[in-house]
Amino acid sequence: MTDTPKHSPSRRQFLAGAAVATGAAATGKLVHAQAAGPDPLITELQPWQQYLGDGVDVRPYGVPSKHEAHVVRRTVPWLTADAVSSINFTPLHELEGIITPNGLCFERHHSGVADIAWGDHRLMINGLVDNQMVFTMDDLMRFPRENRTYFLECAANTGMEWRGSQLNGCQFTHGMIHNVVYTGVPLRLLLEEAGLKTSGTWLLAEGADASGMTRSIPMEKALDDCLVATHMNGERLRAEQGYPVRLVVPGWEGNMWVKWLRRLEIGDAPWHHREETSKYTDLLANGDARRFTWEMDAKSVITNPSPQAPITHGPGPTVLTGVAWSGRGTIPRVDVTIDGGITWHQARMSGPSLDKSMHRFYYEFDWDGRPLLLQSRAHDSTGYVQPTKDQLRVVRGFNSIYHNNGIQTWAINEAGEAENVEIG
Ligand SMILES: Nc1nc2c(c(=O)[nH]1)N[C@H]1C(S)=C(S)[C@@H](COP(=O)(O)O)O[C@H]1N2
Ligand SMILES: [Mo]
């Protein structure tokens with residue numbers, strides 16, 4: 001990028017005034033170029049002040065401002081040879097807070113988006129139960145339901161970075177994640193309704209899409225906190241997120257969150273299907289493979305500044321922000337460094353701290369205009385601390401794709417541009 005400011009000088013001048021007026025603690029100046037003469041955006045009547053805007057009948061279902069059209073899910077061309085069994089990425093660098101808007105949740109499909117009507121869907125429970133059952137969607141809505149906020153992270157998130165820094169943007173390095181308020185029926189209630197036998201220790205969840213994707217889930221987890229979810233962020237699931245019903249497996253790898261959930265089979269051993277043998281296992285250097293690595297380890301990433309969101313102002317007050325999450329609990333603390341780990345600062349957490357949900361952190365600093373090396377390091381509520389990529393490689397080797405939760409580094413140059421790098 002160039003050093004062209006994103007905001008007009010007059011806007012920055014206005015911000016500088018605001019900072020003085022509110023006695024902002026930052027010591028640097030927000031202005032590094034003075035506007036010459038009066039700003040027509042303030043002194044002249046603008047078109048939007050002279051004509052009536054759209055009425056309430058124009059957008060029965062609202063969409064983002066047309067000025068935000070760049071805020072979209074994106075694909076990586078070399079990863080997306082086949083769009084129906086592929087992936088797109090959440091634009092983390094454009095988001096704030098902790099909730100991912102429904103239209104920006106990344107998608108991962110093995111056979112494209114299944115198109116199923118609410119009335120045509122059935123959920124079946126078979127195997128080690130007293131009563132094999134089939135539920136319609138309306139049947140499911142007669143069970144008590146709960147509202148809970150969880151992140152879903154694909155185990156392959158950051159997988160392209162195992163061998164070295166590769167993709168320039170947190171959307172691509174870390175965007176296989178979304179964080180949504182789910183409404184769903186506790187899976188436990190459906191299993192109780194079917195009369196779960198004590199011999200039933202494993203559950204196979206199967207999707208109704210053409211891939212018929214399946215995963216084995218241990219019964220302790222199924223009875224603990226799993227949901228059979230019908231709603232996300234208050235509205236019914238989006239088709240691409242599994243409409244009309246998906247499994248929610250809090251804190252565990254995204255692949256287990258079966259979409260278009262059509263069948264739950266109860267058994268007494270795992271099924272060893274494709275997604276838990278050839279996929280979603282980690283081949284170690286000695287040839288052994290880690291299996292059943294369900295829980296997502298604590299992880300964080302700085303979303304701003306980052307390669308797709310460079311610093312667009314000169315030296316002075318600068319806001320750094322990012323997100324952190326853990327499949328084992330909450331994130332009480334995130335550390336941030338701007339000098340490649342020489343000094344660490346405790347970031348400011350802002351927003352709700354919910355179990356197995358995304359957390360938001362901030363670190364405000366005075367940029368001196370010199371190059372920076374940015375990193376964040378999450379601590380979760382179990383005391384676990386996010387490792388460096390090199391620490392992970394010592395244990396896992398270089399064959400892995402999945403479960404890379406290593407510390408991410410962004411290098412910032414004098415122009416404010418950011419690049420994905422690794423430092424020793
Ligand atoms: N039925 C079905 N469920 C599925 C998949 C699929 O292809 N079919 N993909 C899985 C994978 S690998 C992930 S990471 C998550 C992605 O969920 P999302 O599309 O809501 O982001 O769904 C999982 N559930
Ligand atoms: Mo995945």
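Positions are given from 1, in the same order as the sequence printed here. Just follow the structure's listing: the first ligand is 1, and inside any ligand the first atom is 1.
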Would [X] and [Y] count as having a side-chain donor-acceptor pair, cut-off 3.5 Å?
X	Y	result
Asn255	Glu275	yes
Ser86	Asp82	no
Glu253	His403	yes

Out of Thr136, Asp138, Val245, which residue meets the side chain to side chain contact (heavy atoms under 4.5 Å, CB included) rule with Trp118?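 Option passing the side chain to side chain contact (heavy atoms under 4.5 Å, CB included) with Trp118: Asp138.
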As a test of understanding, state which of Ser376, Pro307, Pro310, Pro305 forms a side chain to side chain contact (heavy atoms under 4.5 Å, CB included) with Trp410.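 For Trp410, the side chain to side chain contact (heavy atoms under 4.5 Å, CB included) check succeeds only for Pro307.
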Ionic contact status for [Y] with [X], cut-off 4.0 Å:
X	Y	result
Arg73	Glu107	yes
Arg328	Glu295	yes
Glu146	Arg148	yes
Glu364	Arg348	yes

When you look for heavy atoms under 4.0 Å from ligand 1, do you find them on the side chain of [X], its backbone, both, or neither?
X	result
Tyr280	side chain
Asp209	side chain
Met256	neither
Leu261	neither
His110	both
Trp260	side chain

For [atom], what is the nearest protein heavy atom, given as residue, atom name and distance?
atom	result
atom 16 (C) of ligand 1	Arg108 CB, 3.7 Å
atom 19 (O) of ligand 1	Lys259 NZ, 2.5 Å
atom 23 (C) of ligand 1	Gly254 O, 3.3 Å
atom 5 (C) of ligand 1	Met213 SD, 3.4 Å

Ring pair (Phe, Tyr, Trp, His ring centres under 6.0 Å) between Phe106 and Phe89, intermediate numbers included: CA-CA 5 Å; Phe106 88 95; Phe89 299 86; 7.7 Å; no
Under 4.0 Å from a heavy atom of [X]: give me the atoms of ligand 1 that qualify, with their elements.
X	answer
Trp257	22 (O), 23 (C), 24 (N)
Phe106	18 (P), 19 (O), 21 (O)
Cys154	14 (S)
Glu240	19 (O)
His109	7 (O)
Glu107	19 (O), 21 (O)
His178	18 (P), 20 (O), 21 (O)
Gly207	1 (N)

Can you check whether [X] has an N/O within less than 3.5 Å of an N/O in ligand 1?
X	result
Arg246	yes
Gln241	yes
Leu152	no

Identify whether NZ of Lys or CZ of Arg in Arg377 sits under 6.0 Å from the centre of the six-membered ring of Trp344 and within 45° of that ring's axis.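 Checked: cation-pi criterion met.
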Audit row: Tyr182, Trp257, ring pair (Phe, Tyr, Trp, His ring centres under 6.0 Å) steps and yes/no: CA-CA 12 Å; Tyr182 292 97; Trp257 298 48; 5.7 Å; yes
